[in-house]
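Heads up, the thing below is written out as structure tokens.
Residue numbers start at 1 and run along the sequence shown.
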Amino acid sequence: MKQHLQHPLFGIVTQTATEQNVHAYAIGGFVRDLLLHRPSKDVDIVVMGNGIEFAERVAKKLHVKLAVFKNFGTAMLKYKDVEVEFVGARKESYRSDSRKPIVENGTLEDDQKRRDFTINALAIALHPDQLGELLDPFDGVKDMERKLIRTPLNPVETFSDDPLRMLRAIRFASQLNFTIDPAALEAIRSNVERISIISQERITEELNKIILSPKPSIGFKYLFDTGLLNKIFPLMANLYGVEYIDGKGHKDNFYHTLQVLDNICETTSDLWLRWAAILHDIAKPHTKRFEPGHGWTFHGHEDKGARMVPKIFAALKLPLNEKMKFVQKMVQLHLRPIVLAQDVVTDSAVRRLLFDAGDDIEALMLLCKADITTKNEYKVKKYRNNFELVQQKLKDVEQRDQIRNWQPPVSGTDIMHIFGIKEGREVGIIKNQIREAILEGEIPNSREAAIEFTIRRGEEIGLKVVAANN
């Protein structure tokens with residue numbers, strides 16, 4: 001492993017360990033990612049002794065600032081492109097009502113035992129007499145080869161002590177495309193109630209990491225199958241299932257959502273567009289109706305879903321800012337391009353879509369393409385061809401009419417000036433008529449045409465021009 005310790009940081013750590021006659025090890029995620037050939041800029045170093053004192057000596061040699069967290073017994077520094085955390089070796093014990101451990105000084109073996117998974121319990125010696133030696137007491141390397149997530153100790157105790165580890169197991173399985181050990185999986189099922197002691201912020205942090213993994217459906221299937229999803233995000237779990245009446249069923253909206261999520265992950269790494277994929281059909285259980293002679297309908301699920309987004313974001317402690325508004329917009333509009341792709345595309349419909357979507361039109365089109373999950377190859381080809389026509393039409397109309405992020409060419413102030421009136425109902429009526437006329441293609445999107453239209457409409461409702469405006 002010595003060839004992997006070329007970064008100058010490790011030379012300084014080894015030098016300090018020699019001078020202090022202290023054993024130090026790189027441990028955890030850095031070692032795991034090294035063996036998996038994944039880039040890693042975070043290094044955890046465990047010291048057999050006082051981790052903070054050791055870190056202070058290293059920081060002094062590197063001429064960098066050190067952040068000390070005495071309550072946790074840790075210290076952090078940044079050197080060049082690497083962030084390093086130092087801690088003394090420790091062993092931990094837990095109370096049943098908290099995931100915060102009681103910490104005592106311990107050996108390297110104690111420290112490795114307290115790690116969540118075997119693949120995170122690997123250590124590389126950084127002191128001279130063992131420099132570069134890999135210490136793997138729980139066969140973490142074999143588990144990597146087997147693509148297996150397994151706990152070093154009894155998984156029931158591991159997950160009961162710190163229930164966040166259940167989400168971390170699923171997150172690593174999703175990120176690495178690994179399988180969770182059957183015993184660990186069963187232990188998660190038996191500990192699902194324990195997730196209630198974890199803060200919503202920590203739960204959502206892990207959930208977002210699952211969503212950002214290459215194929216999030218791996219993680220969500222584990223969440224669903226273990227019962228965790230029903231505890232942390234029941235609205236999504238409620239999408240599961242197919243109901244039949246008169247021999248007519250509908251697609252399983254849970255697995256459809258996972259397919260849409262996986263599809264969109266092939267084209268974007270944007271967390272919020274991925275959230276839009278998760279929530280695009282979230283209101284279907286609330287809008288499901290059976291119409292005799294027709295079958296199942298979900299009328300208005302896009303409107304209902306858009307109204308649900310703020311409450312969902314608030315409950316999950318997600319940001320209630322423009323990120324939430326973006327997801328809400330995507331949920332609200334996700335059917336519009338699909339409808340255009342099914343019908344003859346009119347300029348008017350395209351203008352309205354551009355008006356409503358604004359700069360998010362490209363994101364919306366990605367979501368709509370991801371929403372094609374039918375197994376019927378003819379339908380897939382037809383929809384994709386139609387989407388290409390819609391996209392071309394969007395470009396043509398936008399180039400000609402400049403509707404994206406549209407601002408009215410005649411303002412309310414202009415209308416009041418032309419007719420010598422105060423702000424009121426008439427101003428609102430004319431503004432709406434101008435917008436509709438431009439979107440319907442009755443008049444060009446220009447100031448001159450809009451003023452002529454304003455005067456005409458104003459006179460029709462009894463207003464008189466008192467001032468020219470151009």
Side-chain angles (χ1 to χ4, degrees), residues 1-2 4-35 40-95 98-138 140-141 151-153 158 161-162 165:
M1 300 293 292
K2 282 185 183 178
H4 298 297
L5 303 176
Q6 299 305 310
H7 195 285
L9 163 78
F10 296 115
I12 298 296
V13 171
T14 298
Q15 182 185 342
T16 306
T18 304
E19 291 170 357
Q20 298 299 307
N21 194 23
V22 167
H23 284 212
Y25 304 85
I27 196 166
F30 170 78
V31 184
R32 176 199 69 227
D33 289 342
L34 206 60
L35 295 171
S40 179
K41 298 296 182 184
D42 297 316
V43 180
D44 290 338
I45 292 177
V46 65
V47 178
M48 302 301 104
N50 190 312
I52 293 176
E53 285 183 11
F54 188 90
E56 286 171 344
R57 294 177 185 278
V58 171
K60 191 173 181 181
K61 289 178 184 294
L62 294 173
H63 306 290
V64 296
K65 289 182 181 178
L66 184 72
V68 175
F69 307 94
K70 286 189 177 178
N71 288 346
F72 299 97
T74 64
M76 294 184 69
L77 62 81
K78 186 166 185 178
Y79 179 62
K80 294 189 175 178
D81 56 341
V82 174
E83 287 190 359
V84 192
E85 181 171 1
F86 296 84
V87 66
R90 53 194 182 178
K91 55 183 176 181
E92 297 176 343
S93 56
Y94 290 81
R95 300 185 306 273
S98 172
R99 63 177 288 265
K100 292 179 180 176
I102 298 164
V103 178
E104 303 172 71
N105 291 338
T107 64
L108 176 65
E109 186 180 357
D110 289 329
D111 204 273
Q112 287 174 298
K113 281 180 181 177
R114 74 179 184 84
R115 301 282 162 170
D116 48 9
F117 310 114
T118 60
I119 63 172
N120 292 337
L122 299 158
I124 299 175
L126 298 177
H127 48 279
D129 52 336
Q130 281 182 284
L131 185 61
E133 183 179 332
L134 181 67
L135 295 103
D136 180 17
F138 304 110
V141 172
T151 59
L153 304 178
T158 297
D161 284 345
D162 184 356
R165 289 169 174 169

Q. Given F86 and V58, is the side-chain contact (heavy atoms from CB on, under 4.5 Å) satisfied, shown in steps?
A. CA-CA 10 Å; F86 296 84; V58 171; 3.9 Å; yes

(Q) Show, in sequence, the C-alpha distance, side-chain angles and deciding distance for E56 and K60, and conclude whether the salt bridge (charged side-chain N to carboxylate O under 4.0 Å, His left out) test is met. (A) CA-CA 6 Å; E56 286 171 344; K60 191 173 181 181; over 6 Å; no

Q | Parallel, tilted or perpendicular, as decided by the 30° and 60° cut-offs, for the rings of Y79 and H7 | A |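 Rings of H7 and Y79: perpendicular, as their planes differ by over 60°.
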
Quick check: closest heavy atoms across [X] and [Y], and the distance to 0.1 Å?
| X | Y | answer |
| --- | --- | --- |
| T16 | R57 | CG2-CB, 3.9 Å |
| A24 | V13 | CB-CG1, 4.3 Å |
| A89 | T107 | CB-O, 3.7 Å |
| L126 | T14 | O-OG1, 2.8 Å |
| F138 | K113 | CZ-CG, 3.7 Å |
| I27 | A123 | CG1-CB, 4.0 Å |

Q: Could I get the full list of salt bridge (charged side-chain N to carboxylate O under 4.0 Å, His left out) partners for R115, not counting sequence neighbours?
A: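 Result, salt bridge (charged side-chain N to carboxylate O under 4.0 Å, His left out) vs R115: D111.
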
Q. Residues two or more places apart in sequence or in another chain: which of them pass salt bridge (charged side-chain N to carboxylate O under 4.0 Å, His left out) with D116?
A.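 Once residues adjacent in sequence are excluded, the partners of D116 under the salt bridge (charged side-chain N to carboxylate O under 4.0 Å, His left out) criterion are R168.
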
Q) N120 side chain to G28 main-chain N or O, any donor-acceptor pair under 3.5 Å? A)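 Between the backbone of G28 and the side chain of N120 there is no qualifying donor-acceptor contact (under 3.5 Å).
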
Q. Taking Q112 for the side chain and L135 for the main chain, is one N or O donor matched with an acceptor at less than 3.5 Å?
A.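 Side chain of Q112 to backbone of L135: a pair is present.
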
Q: Name all pairs fulfilling the salt bridge (charged side-chain N to carboxylate O under 4.0 Å, His left out) condition that reach into residues 72-83, sequence neighbours left out, sorted by first residue then second.
A: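 Residue pairs passing salt bridge (charged side-chain N to carboxylate O under 4.0 Å, His left out), neighbours aside: K41-D81.
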
Q: Sorted by first residue and then second, give each salt bridge (charged side-chain N to carboxylate O under 4.0 Å, His left out) pair with at least one member in residues 8-25; sequence neighbours left out.
A: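 Only E19-K61 qualify under salt bridge (charged side-chain N to carboxylate O under 4.0 Å, His left out).
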
For residues 46-55, which side-chain donor-acceptor pairs fall under 3.5 Å, sequence neighbours excluded?
{"from": "N50", "atom 1": "OD1", "to": "I52", "atom 2": "N", "distance (Å)": "3.0"}
{"from": "N50", "atom 1": "OD1", "to": "E53", "atom 2": "N", "distance (Å)": "2.9"}

Q) Does a side-chain heavy-atom distance below 4.5 Å link T158 with F117? A)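 Of all side-chain heavy-atom pairs linking F117 with T158, none is under 4.5 Å.
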
Q. With a 4.5 Å limit on heavy-atom distance, are the side chains of I124 and F10 in contact?
A.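 They are not in contact (no side-chain heavy atoms under 4.5 Å apart), so the answer is no.
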
Q: Go through D42 and V84 one step at a time and tell me if the side-chain contact (heavy atoms from CB on, under 4.5 Å) criterion holds.
A: CA-CA 6 Å; D42 297 316; V84 192; over 6 Å; no

Q | From L34 atom CG to L122 atom CG, the distance as rounded to the nearest 0.5 Å | A |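 Between atom CG of L34 and atom CG of L122 there are 10.0 Å.
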
Q) Looking at CG of L35 and CD1 of I119, how far apart are the two atoms once the value is rounded to the nearest 0.5 Å? A)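 One finds 10.5 Å between CG of L35 and CD1 of I119.
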
Q) Taking only residues two or more places apart in sequence, or in another chain, which ones meet H127 in a ring pair (Phe, Tyr, Trp, His ring centres under 6.0 Å)? A)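 With neighbours one apart ignored, the set is H23, Y25.
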
